[in-house]
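Residues: numbered from 1 along the sequence shown.
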Amino acid sequence: MNTNNHQLGFSLIELLLVVAIIGIISAIAVPNLLASKRAANEASAIASIRSITSAQATYHATTGAGLYGSLSDLHTAGLVDATLSSSTVLAPKSGYFFAAAADATTPNAQYLTTASVAQPSGVTATGTRNFASDASGVVTHSTASTTPMTGNNGTPIN
């Protein structure tokens, strides 16, 4: 009688051990991945604020004839792209909503550009800070909330 009891494959314990190891690796990797995504969103928001600040200076010196413009004005003048000028509640850009409020009646008046985080807390948080800039060109930040900054009175970015 020739009986071969050769079993092929993995035992249940071996499979459970592999699943446990994958779970541990995931528990370590996922929070780091989410933190990296938030950092990338913030870097994109800072770059966008700086782009809008440059566009405001160009608009002020050329098309605006001494006035600053809204994001729509800057887009019409070809100084910012459509994605940035239309970041609304339904379509944030990199997890941020952008706004540029300008005094369009007084030459050399101020403007305020803000970037507000779309989701400030929880697992799906898109950033941890809001950003703002004005005619001084200094980009500042404050703790994230869904309410935009009301002035360029946050902590300057180094």
Distance-only, no hydrogens or angles: does the Gln110 side chain make a donor-acceptor pair with backbone N or O of Ala102 under 3.5 Å? no
Exercise: identify the closest heavy-atom pair between Ala132 and Asn152: O-OD1, 3.1 Å
Within the structure provided, determine whether Thr140 and Asn153 are in side-chain contact (heavy-atom separation under 4.5 Å). no
Note, Ile52 side chain near Leu74 side chain (heavy atom, < 4.5 Å): yes
Do the non-hydrogen side-chain atoms of Thr143 and Asn130 ever get within less than 4.5 Å of each other? no
Which pair of non-hydrogen atoms, one from Val138 and one from Pro156, has the smallest distance, and what is that distance? CG1-CB, 4.0 Å
Show which residues join Ile22 in its hydrophobic cluster (side-chain heavy-atom contacts under 4.5 Å, direct or indirect), or state none. Val18
Less than 4.5 Å apart, any side-chain heavy atom of Phe98 and any of Leu71? yes
Yes or no on side chain to side chain contact (heavy atoms under 4.5 Å, CB included) for His75 and Asp81, after CA distance, side-chain angles and deciding distance? CA-CA 6 Å; His75 175 64; Asp81 65 1; 5.6 Å; no
Do the side chains of Val19 and Leu17 get nearer than 4.5 Å, heavy atoms only? no
If you define the side chain from C-beta out and look only at heavy atoms, does anything of Phe131 sit under 4.5 Å from Ile46? yes
The single option from His141, Arg129, Lys37 passing side chain to side chain donor-acceptor pair (under 3.5 Å) against Glu42: Arg129
For the hydrophobic clusters of this structure (ILVMFWY residues joined by side-chain heavy atoms under 4.5 Å, transitively), does one cluster hold both Leu79 and Val139? yes
With a 4.5 Å limit on heavy-atom distance, are the side chains of Tyr96 and Ser116 in contact? no
Given side chain to side chain contact (heavy atoms under 4.5 Å, CB included), test Asp134 with Thr113 step by step and report yes or no. CA-CA 6 Å; Asp134 59 15; Thr113 299; over 6 Å; no
Heavy atoms of Pro31 and Ala27 approach each other most closely as CD-O, 3.2 Å
Using modelled atom types only, decide if a donor and an acceptor are shared between the side chain of Thr126 and the backbone of Gly95 within a distance under 3.5 Å. yes
For a side-chain hydrogen bond (donor to acceptor under 3.5 Å, both in side chains) check, start with the C-alpha distance between Asp73 and Thr76, then their side-chain angles and the critical distance, and finish with the verdict. CA-CA 5 Å; Asp73 295 334; Thr76 301; 5.5 Å; no
All side chain to side chain donor-acceptor pair (under 3.5 Å) counterparts of Ser26, not counting sequence neighbours: none
Classify the ring geometry between Tyr68 and Tyr111 as parallel (under 30°), tilted (30 to 60°) or perpendicular (over 60°). tilted
Which atom of Leu84 lies closest to which atom of Ser48, heavy atoms considered: CD1-CB, 3.8 Å
Nearest non-hydrogen partners of Lys93 and Ser44, listed with the distance: NZ-OG, 3.5 Å
